[in-house]
Amino acid sequence: MAPSFDDSSSLFNFVVRDGNGVKGMVDLGLSKVPQAYMQPPKERIDKQNASKHEQPPIDLSRLDGPYHDEVAKEIVRAAETLGFFQVVNHGVPVDLLESLKDTAHKFFGLPPERKAVYRTEVSPTSLVKYGTSFVPEKEKALEWKDYISMAYTNDAEVLEHWPIECREVAIEYLKTSLEMVKKLLHVLMRNLGVELDDSKIDSLIGRKTVHMNYYPTCPNPELTVGVGRHSDMGTLTVLLHDGIGGLYVNVPEDADISKKGEWVEIPPIPGALVINVGDMLQILSNGRYKSAEHRVRTTSAKSRVSIPIFTIPKPTEKIAPLPQVVEKDGIAHYREFLLADCMNNFFGNPHDGKKSLDFARI
């Protein structure tokens with residue numbers, strides 16, 4: 001018998017506890033969004049009145065050549081203002097990106113019981129977690145998305161534990177993206193007057209996760225969000241989103257660009273990847289680089305996927321503003337902390353803009 005989606009506990013059990021996800025609910029046939037997913041008016045995304053971020057993508061093939069300094073300036077400027085930029089000629093094969101999107105759709109199209117084996121409470125491995133929303137037990141309104149999160153340790157463990165349906169393409173996506181991430185970090189660190197060797201760069205991206213998000217079609221997209229307002233906790237995020245779009249970024253009030261305080265849409269560009277600054281890079285730069293506050297809209301037209309790679313330091317790392325930057329600035333804006341404590345704070349609370357940075361703020 002189908003559960004009653006008017007009853008919040010029945011819905012919660014079906015979607016969250018039994019692992020059917022939003023897709024399982026949509027597959028039963030929904031004509032309206034259940035109350036549990038209706039966002040308060042201030043959290044809803046007004047698609048009609050949002051402007052698009054028209055910045056052209058940065059061509060990474062021009063790094064390490066005669067145009068290196070020019071391209072480095074573009075990267076730095078984007079990190080200092082919006083915290084978001086798109087890149088092309090990034091070294092990740094475009095046919096791999098297409099294959100990745102297809103694979104994500106196929107994975108979420110599996111029967112619910114095949115996906116539910118990876119729910120946090122029952123997953124056979126700590127490397128893989130399947131779920132829905134962000135912290136559904138604590139959220140006042142749930143997010144309209146399902147996800148699978150796959151943490152990378154080493155090839156042998158990953159090949160043993162990641163889901164067979166998506167492991168190969170996900171590993172290749174991760175490995176081909178990491179060279180680009182390292183290049184970008186070298187550029188951003190040099191601009192701060194800091195030269196880091198490869199081992200130090202590796203320590204800033206020591207924990208790597210491939211995350212597949214699935215946003216099923218929604219009967220009332222104007223009432224819901226796919227992901228609520230937040231900034232990513234890590235160092236840099238690499239994001240593949242499909243051609244449907246729905247990613248919105250908040251222009252910081254102190255940014256040296258127009259549309260301050262507005263939400264702008266990041267339009268999909270074929271073959272491009274989106275890069276965004278995470279909280280750890282904002283802290284390391286003592287606030288010079290801005291972690292981007294962003295959110296995702298749902299759509300009634302077609303189910304969509306997005307596939308981020310999150311790079312963060314290992315939980316055992318101590319994080320603080322880089323001493324060279326503090327010396328120049330004359331003051332540290334963030335305290336030193338253990339990354340594990342920051343993770344517990346971030347993953348233990350619902351999305352709420354950039355409030356996660358308060359954990360480290362002096």
Side-chain angles (χ1 to χ4, degrees), residues 15 21-23 25-26 30-55 81-86 108 132-136 138-147 211-233 237 239-253 255 257-269 272 274-278 290-308 349-356:
V15 173
V22 181
K23 184 175 190 302
M25 183 173 63
V26 169
L30 279 183
S31 57
K32 63 181 176 97
V33 164
Q35 184 67 41
Y37 287 89
M38 288 189 191
Q39 296 289 330
K42 70 179 177 68
E43 298 299 342
R44 296 173 191 173
I45 299 172
D46 182 358
K47 186 184 182 193
Q48 306 312 321
N49 292 319
S51 55
K52 282 189 164 48
H53 181 57
E54 304 294 359
Q55 199 69 28
T81 52
L82 197 61
F84 246 91
F85 53 101
Q86 299 203 65
F108 289 102
T132 187
S133 203
F134 184 61
V135 191
K138 294 187 178 181
E139 287 161 343
K140 292 189 177 114
L142 298 169
E143 298 176 344
W144 195 267
K145 72 149 192 206
D146 301 329
Y147 68 86
H211 203 85
M212 290 182 168
N213 293 315
Y214 182 77
Y215 308 100
T217 51
C218 177
N220 311 100
E222 70 285 354
L223 301 178
T224 59
V225 295
V227 184
R229 297 179 296 111
H230 72 289
S231 52
D232 291 344
M233 193 203 78
T237 300
L239 173 73
L240 168 65
H241 64 157
D242 60 21
I244 297 166
L247 173 64
Y248 291 78
V249 180
N250 189 246
V251 182
E253 293 286 359
I257 49 176
S258 61
K259 300 177 183 167
K260 290 180 176 55
E262 283 183 40
W263 287 92
V264 295
E265 185 173 5
I266 305 290
I269 295 171
V274 179
I275 307 293
N276 72 279
V277 172
K290 312 288 183 216
S291 64
E293 184 183 5
H294 55 289
R295 57 186 182 174
V296 176
R297 189 180 185 274
T298 61
T299 174
S300 58
K302 203 174 176 187
S303 296
R304 63 178 288 264
V305 292
S306 69
I307 304 141
N349 292 294
H351 284 144
D352 189 7
K354 290 186 67 168
K355 227 175 182 174
S356 51

**Request:** For side-chain contact (heavy atoms from CB on, under 4.5 Å), just list the numbers for Asn250 and Arg229, CA-CA rounded to whole Å, side-chain angles, deciding distance to a tenth of an Å, and then say yes or no.
**Result:** CA-CA 9 Å; Asn250 189 246; Arg229 297 179 296 111; over 6 Å; no

**Message:** Under the criterion side-chain contact (heavy atoms from CB on, under 4.5 Å), I'd like the reasoning laid out for Ser300 against Thr217: C-alpha separation, chi angles, the key distance, then a yes or no.
**Reply:** CA-CA 5 Å; Ser300 58; Thr217 51; 5.8 Å; no

**Asked** Going through the checks in order, is the side-chain contact (heavy atoms from CB on, under 4.5 Å) test met by Val33 and Trp144?
**Response** CA-CA 10 Å; Val33 164; Trp144 195 267; 4.3 Å; yes

**Request:** Go through His53 and Leu82 one step at a time and tell me if the side-chain contact (heavy atoms from CB on, under 4.5 Å) criterion holds.
**Result:** CA-CA 10 Å; His53 181 57; Leu82 197 61; 3.6 Å; yes

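Among residues two or more places apart in sequence or in another chain, the side chain to side chain contact (heavy atoms under 4.5 Å, CB included) test is passed with Gln39 by Glu43, Arg44, Ala141, Val225. By the side chain to side chain donor-acceptor pair (under 3.5 Å) test, Tyr37 is found to be paired with no residue, residues two or more places apart in sequence or in another chain being considered. Applying the side chain to side chain donor-acceptor pair (under 3.5 Å) test to Asn220 and every residue at least two apart in sequence or in another chain returns nothing.
Interatomic distance, Cys218 SG to Arg304 CZ, rounded to the nearest 0.5 Å: 12.5 Å. Atom CE of Met25 sits about 8.0 Å away from atom CG of Leu142, to the nearest 0.5 Å. We find the OG1-CG distance between Thr132 and Asn213 to be 10.5 Å, quoted to the nearest 0.5 Å. Distance check: Asp242 CG to Ser306 OG gives 7.5 Å after rounding to the nearest 0.5 Å. Within the model, atoms OH of Tyr147 and OG of Ser133 stand 8.5 Å from one another, a figure rounded to the nearest 0.5 Å. Note that the OG1 atom of Thr298 and the OH atom of Tyr215 stand 10.5 Å from one another [nearest 0.5 Å].
The nearest pair of heavy atoms linking Ala272 to Gln86 is CB-OE1, 3.9 Å.
In this structure, Val305 and Met212 have side chains that are not in contact, with every pair of non-hydrogen atoms separated by 4.5 Å or more. For the pair Val296/Lys145, no side-chain contact is recorded, criterion being any heavy-atom separation below 4.5 Å from C-beta on. In this structure, Phe134 and Glu139 have side chains that are in contact, with non-hydrogen atoms separated by less than 4.5 Å. The shortest side-chain heavy-atom distance between Phe108 and Val22 does not fall under the 4.5 Å cut-off. At a threshold of 4.5 Å between non-hydrogen side-chain atoms, the residues Pro221 and Arg297 count as touching.
For Lys355, the NZ atom is loosely surrounded, since the number of other residues' heavy atoms within 6.0 Å does not exceed 12. Within 6.0 Å of CD in Glu262 there are more than 12 heavy atoms belonging to other residues, nucleotides or ligands.
Between His230 and His294, the two ring planes are tilted [angle within 30° to 60°].
Using modelled atom types, no side-chain atom of Ser291 and backbone atom of Gly278 make a donor-acceptor pair closer than 3.5 Å.
Leu247 pairs in a side chain to side chain contact (heavy atoms under 4.5 Å, CB included) with only one of the listed residues (Ile266, Val227, Val264), which is Ile266.
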